[in-house]
Amino acid sequence: MTKTSTIEDKTKESRRLGAGPASSASIQSDTEPSRDCPLCPRLKDYRDTNRREYPHWFNAPVPAFGPDDARLLIVGLAPGLQGANRTGRPFTGDYAGDLLFGTLIEFGFARGPYEARPDDGLTLLDCRIGNAVRCVPPLNKPLPAEINTCRTFLHATLAEMKNLRAIVMLGRVSHESTVKALGLRAAQAPFAHGAQLQVGEVRLFDSYHCSRYNTNTGRLTSEMFRDVFARVREYLAD
Ligand code: SF4
């Protein structure tokens, strides 16, 4: 979906979210990047390589998943090579998706089977999932310039969610890009697992990313992750 958005529109949206106006550097007219988005040359080269090596994979910027009238947005880091970059749906097909979708089903933010396929019939309920960076980065590590560039599309995702009341930010990169998209400086809202911050009408919730590395090392347990979503559910019930 492509929609024209003006600077005035985005300024109004930032105010709705309790933040100052978006900087002019973040303004673009499109809410969705094209499949061949050229804005990050390194990621475009990596995409081209993956298209040659895995021609049956999705290999394009991964769009947000879920209804745009949802009250909850979950922001991850970036597509995994064999997860969202392969399947075309955020968190679908890699380890992080097992914990995320299982937790969403448990707390009523998703319904149906999660079978790690985009056609598995899973439905998000009052919930949407996106990423701070839409293209798969080498070694799962986007560069600061790539995070800054793709924030245009994160901002657009936020702006079109008229009922937004809660955002779960998975990891520090997601946290920092989201708070900047809301018009804050990162120093105004330091990342901490379990932290909450009210920004206008929206409550921000921090969590460590539900990656295999974080769960294998014990940095994030399934109980810690469940606790974040229990708090989100409690907040939305008010
Ligand atoms: S990461 Fe975002 S801005 Fe960069 S090439 Fe992909 S879609 Fe475009």
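Start at 1 and go down the list; that is how both ligands and their atoms are numbered.
Residue contact check: Thr149 has heavy atoms under 4.0 Å from atoms 3 (S) of ligand 1. Per-residue contacts place Leu43 under 4.0 angstrom from the following atoms of ligand 1 (heavy atoms of the residue considered): 1 (S). When each atom of ligand 1 is checked for a heavy atom of Val133 under 4.0 Å away, the hits are 1 (S). Counting the atoms of ligand 1 from 1 in the order shown, those under 4.0 Å from a heavy atom of Pro61 are 7 (S).
When hydrogens are left out, the protein atom nearest atom 2 (Fe) of ligand 1 is Cys150 SG, 2.3 Å; that is the closest non-hydrogen contact. The shortest contact between atom 4 (Fe) of ligand 1 and any protein heavy atom is with Cys40 SG, 2.3 Å. Nearest protein heavy-atom neighbour of atom 8 (Fe) of ligand 1: Cys37 SG, 2.3 Å.
When heavy-atom distances to ligand 1 are checked against a 4.0 Å cut-off, Pro33 comes that close only through its side chain, counted from C-beta outward. With a 4.0 Å heavy-atom cut-off, ligand 1 is reached by no atom of Arg35. With a heavy-atom cut-off of 4.0 Å, Cys135 touches ligand 1 through backbone and side chain alike.
Aromatic ring centroids of His193 and Phe205 lie 6.0 Å or more apart.
Across Pro118 and Thr92, no two heavy atoms sit closer than the pair N-CG2, 4.1 Å.
Taking the six-membered ring for Trp and thresholds of 30 and 60 degrees, Trp57 and Tyr54 have nearly parallel ring planes, at less than 30 degrees apart.
By the 6.0 Å and 45° rule, Arg172 does not stack over the aromatic ring of Phe191. Seen from the ring of Phe65, Arg128 does not count as a face-on cation partner, given the 6.0 Å and 45° thresholds.
Inspection of the Arg151 and Ser177 side chains reveals an N or O donor paired with an N or O acceptor under 3.5 Å.
Sparse packing is recorded around CZ of Arg231, with 12 or fewer heavy atoms of other residues, nucleotides or ligands lying under 6.0 Å away.
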